[in-house]
Amino acid sequence: MKVFAAPRDVENLKSQTLGILLFEGEKEVLECFSALSPGLLGQLDLERFRGKKESRLFRAEPGHSPSRILVVGLGPEEKADSDVFREGAALLVKAASAVGAEDLEIWTSRQPDQRLSQALAEGALLGGYRFDRYKEVPEEERGNVGVVYVAGGEESGLEKGALIACGQLLARDLANEPGNVINPLTLAEKAQEVAQQGNFECRVYDEKELEEMKMGLLLAVGQGSKTPPRLIHLVYRPREEPLGRIALVGKGITFDTGGLNIKPGEYMRTMKGDKTGAAVILGVFRGLARLCPPIEVHGLIGAAENAVGSRSYRPDDIVRGRKGKTVEIDNTDAEGRLTLADVLSFACELKPSVVIDIATLTGACAIALGPYTAGLFSNDDSLAEEILGASRRSGERFWRLPIDDDRLRKKLESPVADLVNTGGREGGALTAAMFLEAFLDKDIRWAHLDIAGVDNYKEPFGYYSKGASGYGARTLLEFLVSLGPEE
Ligand code: BES
Ligand code: MN
Ligand code: ZN
């Protein structure tokens, strides 16, 4: 899909499908179009269309121009933040593709400045997404809005929005791929493709190299699978002298059976999504290629399949990681923190000023925050605030949870090793974050994003479709571009 700016000219619409975003009780935009569609105002009144949030109206105008009018309610104007417009644009695109439109022109009474244009572009692109590459869909049901015009849109905002959304769409695509397609080796190939397209350095370490690098924890998690683990390292370098160095780390469990502590069937379902952190990192890199912030960004992915087999690592095993610390395995299903521990140790050796990891880490986080808010943990208040600021701009909700509870931290003590890999059910998201913290250098500002529970949706809504959400890609890109000089 392409998104373009169009002149705000009622007489010369670019598309035969007009999409109107309407605030509650608003008449302004409708009045603009009353000459083109005399019945529109009256019909809206008849249907008691009041612009309530997410309400929709479709009107076919055969023989008229435009030939279709779609209206989506935004709710009250004073509550309309960027995300309301993002959702509105997505609902228009979904409605337009349902009626077979190939293009769409979006109108709203609020003049689209840079921020609003960005949100509309993001919503349109994300709303148009479907994962149907393995399914035969009849042409007429496919629904494909190829072009969206934003009336009065601001070019740089539309472009920024398109780049950020495309990053997130790549994350969705990768996360949606099943475990028989994406394994540690094919994930590394995908990373190399992203690197090639964006001109990034990319190095992939194989299992022998991981052995030499003493990445015992990543190796242990991956040893049960016939596809051995990989460490993927991408680097984005700006053209000018970088203003700083940041490392992003993604959990890349290509499928999580739970290992010998095998998951029951209903919990194993959707565990192809356990590589969403990695998918988000690759999506972020796709965005970086053209957003070009003036900082050096390292992307690190520990890719492994947590499989069941005679070579699987076991409960009771004691494993030494790259940092030298030993870990007693209590539960092989707490595998993400093990792979992340080794990759975080490696990340710190690159001497970045900031490390951010993103992971579908704990069911406990999903229980705590629900399916529409992700967890944020940090050892640095100002970093946490910066990420929450980016999250407010992106519309992806994050909520900070604590890691300073020293009594709870004791749950990670082991009688036989430096740490044990689980801290019990209560506060499970917190102890997982504390486990990660033990592998970080104290002087490095670090944040951990737990996206378990928001990585995947059973039903489409707003700008999400069924399946992978790519959650976090927009927030990380917003965060990274905000580190440059003010726009
Ligand atoms: N990948 C899961 C976490 C998860 C759960 C992600 C639900 C997405 C949706 C993780 O590896 C896991 O299994 N965590 C365990 C940890 C426990 C054994 C301490 C969990 O959350 O139950
Ligand atoms: Mn697990
Ligand atoms: Zn997992």
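Start at 1 and go down the list; that is how both ligands and their atoms are numbered. Everything quoted here is computed from the prediction, not taken from an experiment.
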**Request:** Please answer whether the main-chain N or O of A438 pairs with a side-chain N or O of K323 as donor and acceptor at a distance below 3.5 Å.
**Result:** no
**Item:** D256, N/O/S atom nearest the Mn ion (ligand 2)
**Value:** OD2
**Test: D81 and R392 ion pair at under 4.0 Å** = no
**Prompt:** Is the shortest side-chain N to carboxylate O distance from D357 to K251 below 4.0 Å?
**Reply:** no
**Asked** Has D333 got an N, O or S atom lying less than 2.8 Å from the Mn ion (ligand 2)?
**Response** yes
**Asked** Can we say D330 and K411 salt-bridge, meaning some charged N sits less than 4.0 Å from an Asp/Glu carboxylate O?
**Response** no
Protein N/O near ligand 1 N/O, under 3.5 Å, which pairs?
from     : atom 1 : to   : atom 2 : distance (Å)
ligand 1 : 1 (N)  : K251 : NZ     : 3.4
ligand 1 : 1 (N)  : D256 : OD2    : 3.2
ligand 1 : 1 (N)  : D274 : OD1    : 2.8
ligand 1 : 1 (N)  : D274 : OD2    : 3.0
ligand 1 : 1 (N)  : T360 : O      : 3.4
ligand 1 : 11 (O) : K251 : NZ     : 3.2
ligand 1 : 11 (O) : D256 : OD2    : 2.9
ligand 1 : 11 (O) : D333 : O      : 3.1
ligand 1 : 11 (O) : E335 : OE1    : 2.9
ligand 1 : 11 (O) : E335 : OE2    : 2.9
ligand 1 : 13 (O) : K263 : NZ     : 2.8
ligand 1 : 13 (O) : D333 : O      : 3.0
ligand 1 : 13 (O) : D333 : OD1    : 2.8
ligand 1 : 13 (O) : D333 : OD2    : 3.2
ligand 1 : 21 (O) : G363 : N      : 2.7

**Asked** Would a distance-only check, ignoring hydrogens and angles, find a side-chain to backbone donor-acceptor pair under 3.5 Å from R56 to L91?
**Response** no
**Prompt:** For the Mn ion (ligand 2), which N, O or S atom of E335 is at the shortest distance?
**Reply:** OE1
**Donor-acceptor contact present, side-chain N306 to main-chain T332, <3.5 Å** = yes
**Request:** Count the heavy atoms of every other residue, nucleotide or ligand shown that sit under 6.0 Å from CZ of F461, and state whether that count exceeds 12.
**Result:** yes
**Request:** Mind reading off the angle at the Zn ion (ligand 3) between the OD2 atom of D256 and the OD2 atom of D274, rounded to 10°?
**Result:** 90°
**Complete:** Here the vertex angle at the Zn ion (ligand 3) for NZ of K251 and OE2 of E335, given to 10°, is 90°
**Item:** Note: R445-D380 ion pair, threshold 4.0 Å (strictly below)
**Value:** yes
